[in-house]
*Asks:* 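Below is a structure I'd like to ask you about.
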Amino acid sequence: MGLLVIFIQKVIGQGIGILYGALGEILTEKSGNLNLGIPGMMYMGGIAGLIGAFLYENSTAAPNGLVGVLISFLCAFLCAAFGGLIYSILTITLKANQNVTGLALTTFGVGFGNFFGGSLSKLAGGVGQISVSVTGQAFKTPIPGLSKLGVLGQALFSYGFLTYLGVALAIALALFLNKTRKGLNLRAVGESPATADAAGIPVTAYKYLATCIGGGLSGLGGLYFVMEYSGGTWTNNGFGDRGWLAIALVIFALWKPVGAIWGSLLFGGLYILYLYIPGLSRGSQEIFKALPYVVTIIVLIISSLRKKREHQPPESLGQAYFREER
């Protein structure tokens with residue numbers, strides 16, 4: 001039972017960060033933009049949140065955990081949202097190729113994170129010397145009382161608030177897209193921007209907002225890995241391919257936020273499954289780590305064969321929108 005609880009905790013720990021990235025990309029893609037810069041914006045959010053917490057804790061003799069959480073949260077969201085703004089200006093206003101822009105943003109974001117992460121380490125006195133213990137502990141604080149409920153408490157209620165916020169955001173995003181007028185307008189923009197424009201919907205504004213807010217959400221995934229998963233530490237290239245897994249999860253979940261919740265747990269489990277299978281060679285371990293991508297391809301093939309409209313991406317995804325002058 002102890003091993004099972006540990007496995008569940010590790011699965012959730014791996015999956016939540018991926019979930020944030022997927023939610024940000026789902027919101028972005030619903031507007032018709034394909035942002036392959038999600039991995040880079042996760043790095044931007046992660047390092048920005050860490051820098052904010054570090055500067056705060058080193059500016060006062062008695063740092064408050066709640067204040068540190070708020071500062072790092074805002075820094076992570078706003079920095080990653082700025083990455084979304086860069087993408088929006090290049091692709092929406094300047095009509096640059098979305099795929100190329102997204103890949104360039106990922107390269108920029110990873111370099112941004114590694115550069116400032118290394119600089120912060122030197123400022124703190126060397127690798128491993130970054131101290132944001134107060135803020136890091138605040139992020140990792142579990143739900144009082146519920147975390148003490150034996151095996152159930154350990155498996156489901158022993159996580160910080162970002163874990164539960166990710167699940168709540170997924171549900172809220174699903175309700176927004178399916179039950180609100182603005183959400184339906186956003187979906188209309190993604191399906192047919194010309195038709196949405198003819199109906200009086202401000203297409204450009206919706207695209208900008210969805211892409212920037214989506215970038216901010218993905219940045220929270222980076223903040224989760226740095227603060228809650230890693231306890232307030234930074235390692236260059238430490239996110240691995242989790243950003244790409246977030247993009248794959250969007251396809252696996254069929255562009256549905258609620259589907260991304262259990263999909264993130266599946267991806268998290270597959271990603272670490274090799275650690276619980278003894279005797280695997282290094283080559284076999286890499287095969288197991290590729291399982292999330294294999295599962296995504298299978299789901300994509302099956303959904304394409306079924307040809308259900310709700311299982312397909314927005315029709316204008318990845319296409320530039322040129323508004324006609326009147």
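Below, each value reflects all heavy atoms present in this structure, side chains not excepted, and no hydrogens, waters or symmetry copies.
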*Asks:* Are the side chain of Thr141 and the backbone N or O of Gln137 linked by a donor-acceptor pair below 3.5 Å?
*Replies:* yes

*Asks:* Going from CD1 on Ile213 to CG on Leu23, what distance comes out if it is rounded to the nearest 0.5 angstrom?
*Replies:* 13.0 Å

*Asks:* Partners of Leu265 by side-chain contact (heavy atoms from CB on, under 4.5 Å), sequence neighbours excluded?
*Replies:* Val11, Ile12

*Asks:* With sequence neighbours left out, what residues match Tyr87 under ring-ring contact (aromatic ring centres under 6.0 Å, His included)?
*Replies:* none

*Asks:* Is there a donor-acceptor contact under 3.5 Å from the side chain of Thr211 to the main chain of Asn33?
*Replies:* no

*Asks:* Is the Tyr43 to Phe112 ring centre distance short of 6.0 Å?
*Replies:* no

*Asks:* Can you name the residues that form a side chain to side chain donor-acceptor pair (under 3.5 Å) with Asn236, not counting sequence neighbours?
*Replies:* Trp234

*Asks:* Please table the atom pairs, donor to acceptor, closer than 3.5 Å between any side-chain atom in residues 58-65 and protein atoms at least two apart or in another chain.
*Replies:*
from: Asn58; atom 1: ND2; to: Phe54; atom 2: O; distance (Å): 2.7
from: Ser59; atom 1: OG; to: Leu55; atom 2: O; distance (Å): 3.3
from: Ser59; atom 1: OG; to: Tyr56; atom 2: O; distance (Å): 2.7
from: Thr60; atom 1: OG1; to: Ala62; atom 2: N; distance (Å): 3.4
from: Asn64; atom 1: OD1; to: Leu66; atom 2: N; distance (Å): 2.9
from: Asn64; atom 1: OD1; to: Val67; atom 2: N; distance (Å): 3.1

*Asks:* Give the C-alpha distance, both sets of side-chain angles, the deciding distance and a yes or no for side-chain contact (heavy atoms from CB on, under 4.5 Å) between Arg187 and Leu177.
*Replies:* CA-CA 7 Å; Arg187 293 173 58 185; Leu177 292 173; 4.2 Å; yes

*Asks:* Under the side chain to side chain donor-acceptor pair (under 3.5 Å) rule, what pairs show up with a residue in residues 71-80, not counting sequence neighbours?
*Replies:* none

*Asks:* So, using side-chain contact (heavy atoms from CB on, under 4.5 Å) as the criterion, who are the partners of Leu156 when residues are at least two apart?
*Replies:* Leu152

*Asks:* Minimum heavy-atom separation for Ser31 to Ala210, with atom names?
*Replies:* CB-CB, 3.7 Å

*Asks:* For Thr107, which residues count as a side chain to side chain donor-acceptor pair (under 3.5 Å) partner, sequence neighbours excluded?
*Replies:* none

*Asks:* Same hydrophobic cluster for Leu74 and Leu162, using side-chain heavy-atom links shorter than 4.5 Å among ILVMFWY?
*Replies:* no

*Asks:* Under 30°, 30 to 60°, or over 60°: which ring-plane class applies to Tyr276 and Phe7, parallel, tilted or perpendicular?
*Replies:* perpendicular

*Asks:* Can you list every side chain to side chain donor-acceptor pair (under 3.5 Å) pair that touches residues 215-228, not counting sequence neighbours?
*Replies:* Thr163-Glu228

*Asks:* Which pairs, with at least one residue in residues 242-254 and sequence neighbours excluded, count as a side chain to side chain donor-acceptor pair (under 3.5 Å)?
*Replies:* Gln14-Arg242

*Asks:* Suppose the criterion is side chain to side chain donor-acceptor pair (under 3.5 Å): which pairs have a residue in residues 263-273, not counting sequence neighbours?
*Replies:* Asp241-Tyr271

*Asks:* So, using side chain to side chain donor-acceptor pair (under 3.5 Å) as the criterion, who are the partners of Ser133 when residues are at least two apart?
*Replies:* none

*Asks:* With distance as the sole test, does Asp197 use its side chain to make a donor-acceptor pair with the main-chain N or O of Pro202 at under 3.5 Å?
*Replies:* no

*Asks:* With sequence neighbours left out, what residues match Tyr208 under side chain to side chain donor-acceptor pair (under 3.5 Å)?
*Replies:* Thr93

*Asks:* With side chain to side chain contact (heavy atoms under 4.5 Å, CB included) as the test, pick out the partner of Val132 among Leu50, Val226, Thr233.
*Replies:* Leu50

*Asks:* With a 3.5 Å distance limit and no angle check, can you tell me whether Glu57 reaches the backbone of Gly68 through a side-chain donor-acceptor pair?
*Replies:* no

